[in-house]
Protein chains: 2
Amino acid sequence: MAALGLRYNLVKGPAGERAKKRLIEAGLELFGRYSFDGVSTRVLADRADVNLAAIQYYFGSKEGLYQAVASHIVKKVKRWLRPALSEVERKLEEDSLTGEQCFSLLCNLLDRLTTKLLGSPDSKKWVAMVVREQIEPTDAFEILYEGLMKPIDLCLFRLVGGILGLGPQDQETKLRAYAIKGQLIIFHVSRAELKRSLNWQAYRSEELKAIRSIILDHVRAILRMPSIERGHDTIG
Amino acid sequence: MAALGLRYNLVKGPAGERAKKRLIEAGLELFGRYSFDGVSTRVLADRADVNLAAIQYYFGSKEGLYQAVASHIVKKVKRWLRPALSEVERKLEEDSLTGEQCFSLLCNLLDRLTTKLLGSPDSKKWVAMVVREQIEPTDAFEILYEGLMKPIDLCLFRLVGGILGLGPQDQETKLRAYAIKGQLIIFHVSRAELKRSLNWQAYRSEELKAIRSIILDHVRAILRMPSIERGHDTIG
DNA sequence: GTCTATAGTCGGATAGAC
DNA sequence: GTCTATCCGACTATAGAC
């Protein structure tokens with residue numbers, strides 16, 4: 001993907017804003033599901049209910065639209081994630097927290113991530129795009145990594161490190177944090193497989209509760225935090 | 001470049017098998033990385049060093065080749081996974097195993113999976129295809145699910161259930177087993193991110209050892225098995 | 001069985017009317 | 001800014017020579 005550019009930043013009238021917005025929404029919907037090559041400009045324009053030429057006009061090219069979608073994802077996800085991340089960062093800088101305090105913050109963050117990642121219908125669209133970019137990164141990977149994954153990772157590393165009594169850049173800290181993240185991601189990525197296996201129709205609040213409860217229990221065990229009684233209350 | 005007809009007999013029978021084999025290899029390589037739509041028949045034929053028309057001749061269509069690649073994956077993965085799975089199934093049917101025995105079998109299986117999934121260069125190709133099929137399933141999903149994921153899942157469920165004292169179809173069993181699987185998968189899927197974060201060049205034996213050790217430690221903690229000795233290397 | 005040539009379609013991108 | 005008409009290259013698939 002060649003670096004084409006910032007032409008979509010050109011100032012256009014208010015009507016143009018609508019077209020841009022709708023194209024980005026269509027891209028978010030379709031690129032994630034069908035991949036960049038799997039969706040044509042005609043289908044994009046059709047879904048966005050704008051003219052075919054609008055893609056070139058506003059984003060320079062199909063690739064420009066794709067990257068604009070990536071930027072949109074970052075902006076959108078940050079909107080609901082920033083409060084949680086800022087809170088953690090603020091507390092981390094106030095004073096050195098105890099392991100228990102870090103753990104409590106971690107649980108809170110994971111809870112929020114789980115709910116959004118699995119519960120929100122939007123998440124399906126953009127996580128798919130992130131996963132595709134992980135398989136075969138394009139220019140959009142940089143946008144997604146710097147704006148989205150890196151901040152989350154950093155926060156997780158500091159909390160997990162705080163619990164383990166290790167630095168946030170310590171290899172063990174990072175590996176354990178990734179493993180924890182994996183337990184969350186799997187329920188998104190293997191959604192089709194899991195629903196089939198468990199005869200679930202969708203992730204509703206019942207199912208989300210069961211998943212959250214399992215994840216928290218595991219995280220507690222992994223980080224050797226004093227465990228509450230093993231939950232059989234997870235059966236929803 | 002056309003093959004010079006030095007030995008007319010060589011051009012006939014076995015040559016077809018060679019073309020099929022090479023096309024499947026090319027498909028395995030390219031479909032996983034670039035998606036179905038991301039790779040053209042021309043590129044496939046070129047990479048396979050066969051004629052363009054060979055795809056239609058041997059597989060009916062590009063889609064036929066894609067499904068043949070899926071079947072190939074199942075066959076190939078089963079070849080190295082079957083021994084491990086059969087062994088577990090045999091032992092499970094012999095007599096009711098203790099939790100410790102189940103745990104030992106589980107560690108062994110996870111170890112084998114980790115090594116192959118993260119260490120083998122081939123795995124990168126086919127896991128990518130499986131992940132893409134999870135995002136947006138096509139007809140190939142059925143092939144991959146029935147032949148590959150289901151057998152692995154079943155085995156995991158029985159072992160995890162055996163350790164927890166629950167049935168293999170119990171919801172808690174399945175959720176915990178999935179969470180465990182997630183810890184493994186994440187190191188494959190987020191490979192790019194992780195390498196960047198840890199300054200790793202690749203997954204070499206050093207790095208694999210670190211990952212394996214973390215995963216086993218976590219599984220032990222999750223399933224409340226006594227951590228007698230760190231490392232308990234089952235297989236290299 | 002293998003390969004070339006090509007048919008028929010669809011892709012991204014553009015020119016120019018309004 | 002918006003939209004229609006269109007260019008042209010790339011795509012899958014096929015027909016038929018060898």
Side-chain angles (χ1 to χ4, degrees), chain A residues 1-27 29-31 33-70 138-140, chain B residues 1-27 30-31 33-69 138-140:
Chain A
M1 302 204 169
L4 253 234
L6 307 166
R7 268 177 49 189
Y8 63 83
N9 267 346
L10 288 181
V11 182
K12 301 279 154 58
E17 288 308 310
R18 172 201 164 269
K20 279 170 72 172
K21 195 182 173 111
R22 293 198 58 113
L23 275 172
I24 287 177
E25 268 163 19
E29 179 99 24
L30 298 169
F31 283 139
R33 283 188 67 174
Y34 303 111
S35 87
F36 180 80
D37 297 297
V39 46
S40 69
T41 51
R42 281 171 174 82
V43 169
L44 283 163
D46 209 49
R47 170 72 67 102
D49 197 26
V50 300
N51 196 269
L52 178 57
I55 293 173
Q56 271 72 30
Y57 186 74
Y58 287 109
F59 301 98
S61 66
K62 184 186 175 186
E63 274 181 35
L65 171 57
Y66 184 78
Q67 285 169 29
V69 170
T138 71
D139 289 344
Chain B
M1 44 171 83
L4 303 170
L6 300 173
R7 306 284 185 275
Y8 37 87
N9 270 348
L10 289 184
V11 187
K12 292 212 166 175
E17 288 308 308
R18 171 198 164 271
K20 280 169 75 172
K21 193 184 172 114
R22 292 197 60 113
L23 275 172
I24 286 178
E25 267 163 20
L30 298 169
F31 285 138
R33 283 188 69 172
Y34 303 111
S35 87
F36 181 80
D37 297 297
V39 45
S40 68
T41 50
R42 279 172 174 77
V43 169
L44 283 163
D46 210 47
R47 171 71 67 103
D49 197 28
V50 301
N51 196 269
L52 179 56
I55 293 173
Q56 272 70 32
Y57 185 76
Y58 288 110
F59 300 98
S61 66
K62 184 186 175 185
E63 256 184 63
L65 172 57
Y66 184 77
Q67 284 168 29
V69 171
T138 70
D139 288 345

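The chains referred to below are lettered A, B, ... by the order of the sequence lines, with proteins before strands, and numbering in each begins at 1. Values in this document were obtained by computation on a predicted structure and should not be read as measured data.
Which of D:dT4, C:dG12, D:dT14 sits closest to the side chain of A:Ala53 comes down to D:dT4. Considering only the side chain of A:Asn51, D:dT4 comes nearest among C:dT4, D:dT4, C:dG11. Of the candidates C:dA13, D:dA13, C:dG1, D:dA13 carries the atom nearest the B:Lys62 side chain, counting heavy atoms from C-beta on.
From A:Leu23, atom CG reaches atom NZ of A:Lys21 across 13.0 Å, with rounding to the nearest 0.5 Å. Rounded to the nearest 0.5 Å, atoms CG (A:Asp49) and CD (A:Glu25) are 12.0 Å apart. In this structure, CD in B:Glu63 is found 5.0 Å from CZ in B:Phe36, a value given to the nearest 0.5 Å.
Atom CG in A:Leu44 sits about 12 Å away from atom C1' in C:dG11, given to the nearest Å. One atom, CD1 of A:Ile55, and another, C1' of C:dG11, lie 12 Å apart when rounded to the nearest Å. The distance between atom CZ of A:Arg42 and atom P of D:dC11, rounded to the nearest whole Å, is 16 Å. Rounded to a whole Å, the CG atom of A:Leu23 is 14 Å from the C1' atom of D:dC3. If you measure from atom CG of B:Asp46 to atom P of D:dC11, you get 11 Å, rounded to the nearest angstrom. For the pair B:Tyr66 OH and D:dA13 P, the computed distance is 15 Å after rounding to whole Å. The interatomic distance linking B:Arg22 (CZ) with C:dG1 (P) rounds to 18 Å, in whole Å. To the nearest angstrom, C1' of C:dG12 lies 19 Å from OH of A:Tyr57.
The phosphate of C:dA13 has OP1 or OP2 within less than 4.0 Å of a side-chain N or O from A:Gln56. Under 4.0 angstrom from either OP1 or OP2 of D:dA10 there lies no side-chain N or O belonging to B:Ser40. Here B:Thr41 does not reach the OP1 or OP2 of D:dC11: none of its side-chain N or O atoms lies under 4.0 Å away.
The environment of A:Arg22 atom CZ is dense: over 12 non-hydrogen atoms of other residues, nucleotides or ligands sit within 6.0 angstrom.
Scanning all heavy atoms of the two residues, the minimum distance from B:Lys62 to B:Val39 falls at NZ-O, 2.9 Å.
Nucleic acid contact for A:Leu52: base, since at least one base atom lies under 4.0 Å from a heavy atom of the residue. Within 4.0 Å (heavy atoms only), A:Val39 reaches sugar-phosphate atoms of the nucleic acid but no base atom.
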